[in-house]
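Please read through the structure below; I'll follow up with questions.
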Amino acid sequence: MPVSSPVITRFAPSPTGMLHIGGGRTALFNWLFARHHKGQFFLRIEDTDRARSTPEAVDAILTGLKWLGLEWDGEVYRQSEHLERHGEIVQSLLNLGLAYRCYCSPEELAQMRETAKAEGKPQKYDGRWRNRDPKDAPAGIAPVIRFKAPQSGETVIRDRVQGDVTIANEQLDDLILMRSDGAPTYMLSVVVDDHDMGITHIIRGDDHLTNAARQSQIYAALEWTPPAFAHIPLIHGSDGAKLSKRHGALAIEAYRDMGYMPDAMRNYLLRLGWSHGDDEIISTEQAIEWFNLESIGKGPARLDLDKLNSISGAYLSREDDSRLSAIIVAIFDKKMGYRLSAELKERLKTAMPEFKQRAKTLNELAENMEFLVLPRPLPVTGKAAKQLNTDAKRMLADLETALATVQTWTQESIEAAIRDFAETKGLKFGKVAQPLRAALTGGAASPGIFDLLTVLGREESLGRIADQAAA
RNA sequence: GCGCCCUUCGUCUAUCGGUUAGGACAUCAGGUUUUCAACCUGGAAAGAGGGGUUCGAUUCCCCUAGGGCGUACCA
């Protein structure tokens, strides 16, 4: 049986949309912190807003987290399944005189805010039902239940990232604990659920910083010990403004679809706001070993696709050839509709070492390797077509003849043959290599031609040369 | 409006009073070269502004500016 662990964290998204990159990072930090302390990491779906929550969004969150490699412990905790418990707590608060019913209409509330704004005061509920006799309750109006918040003094949040944050209680109003339809609000349910789940550390976006003050007051009223708070800065778009759809694809799945590997993604996200000296490429094992709250920066970070690409490229070139070629095969199967033969799959794997170091994403890698598995004759594009002028074609015909005499098809023998060919023809090596590349790839960029010839094999190589020589 | 938070190269960041302010990405130049990339070498590039505290401030304090977040019967 598991011993009670020292650290329990949670990721608590509301299922109202895709899991975006900021949420992914929050989840990563919670996961890392829990793993570092050999504690537990829970997933809680905050679906108390029934109108906005959708099952699709829940799926997207689960899929996104799994893809990122952030496995949670235990069952998914759904807030909506604990409504009864939330209601009980509200009732006990009511019984203790720490909450009360409020019959204000939305219009009344709106006007209150306007007046406050006009007077230069904080916009908040003025507490008019706080001490009013329940007998005054208008008939036929379902009340909300409000928290009787302290009206003077201050609330201090001892934040592990932001430091001590002090907020005057005058700034905070009597928040709603339960809606008029009997559904608990976020502010109440987080506190109850975090307590019930035994959460020890709340790591979340700093958009929740002031909420922490409100929640602290509820913890105090309930005489519960609040967890440690760690509010991490939000991620901004590349222009420094708030992250929005205009800054490009934000759903975590979009990055998957663009061809980033989860490891690279995690590494990038980790470095966005957290650092360990000058280290840049940090394995997950090292991240778990090193991760701490103290090294999280306080300022918001901007999304930088260039950096992501660079990290992605670094991970690609370190990735195992078999794993990589299996992924590429899958991409071909799925996106391009190819059914690759065993021979072609082997060709991809053999070629992988040369290709993986020059691509930034899986998609780019697949694109770069496509010519390897294309059936003859190859389509010839732009620059390559230009290379293949009449002189070049004639040269290729001669070259084919020369190469056909090479019996043992090894890199060394091929190179010797081609260099010899160029020399006897009085051609600069490049004059041979470029048209040859065009014939072999149909394009202008590729790894070295000797690698190409070797990977393609004797028959395929000669065939491709012949195709272009004849045309 | 009120409140809270933030502010080092273009970007991500290191620095925990004394450094030629370091690294990475991007960028520029050169090298290598059969293309592209990779790779190697080198360059340019920063403490928002103003006051303090101190022998000495990027570092501590205050003000200003800029940015962010909150201020819902959303989470």
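Proteins get letters first, then strands, A, B, ... in listed order; numbering begins at 1 in each. Since the model is a prediction, treat every value here as computed from it, not as a measurement.
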request  = Examine the side chains of A/Q151 and A/N169 and answer whether a donor and an acceptor come within less than 3.5 Å of each other.
outcome  = no
key: Pair of N/O donor and acceptor under 3.5 Å linking B/U34 base with A/R437 side chain   = yes
task = When you get a sec, tell me which of B/U35, B/C73, B/C4 is the closest nucleotide to the side chain of A/A445?
result = B/U35
Watson-Crick or G-U wobble partner of B/C55, both distances under 3.5 Å = B/G18
Complement of B/A44, any strand, by Watson-Crick or G-U distances under 3.5 angstrom = none
task = Mind checking A/A301 for me? I need base, sugar-phosphate or nothing, with any heavy atom below 4.0 Å counting as a touch.
result = sugar-phosphate
Pairing partner (Watson-Crick or G-U wobble, both distances under 3.5 angstrom) of B/U32 = none
query = What nucleotide among B/A75, B/U35, B/G1 has an atom nearest to a side-chain atom of A/Q434?
reply = B/U35
Any strand: nucleotide that pairs with B/A24 via Watson-Crick or wobble, under 3.5 Å = B/U11
request  = Describe the nucleic acid contact of A/Y268 in one word from base, sugar-phosphate, nothing, applying a heavy-atom distance below 4.0 Å.
outcome  = nothing
task = For B/A72, take OP1 and OP2 only and decide whether either is under 4.0 Å from a side-chain N or O of A/R113.
result = yes
query = What nucleotide among B/C6, B/C12, B/C73 has an atom nearest to a side-chain atom of A/R271?
reply = B/C12
message = Measuring to OP1 and OP2 of B/C6, would you say a side-chain N or O of A/K298 lies under 4.0 angstrom away?
response = yes
task = Find the partner of B/C2: check Watson-Crick (N1-N3 plus N6-O4 or O6-N4) and G-U wobble (N1-O2, O6-N3) distances, both under 3.5 Å, and reply none if neither fits.
result = B/G70
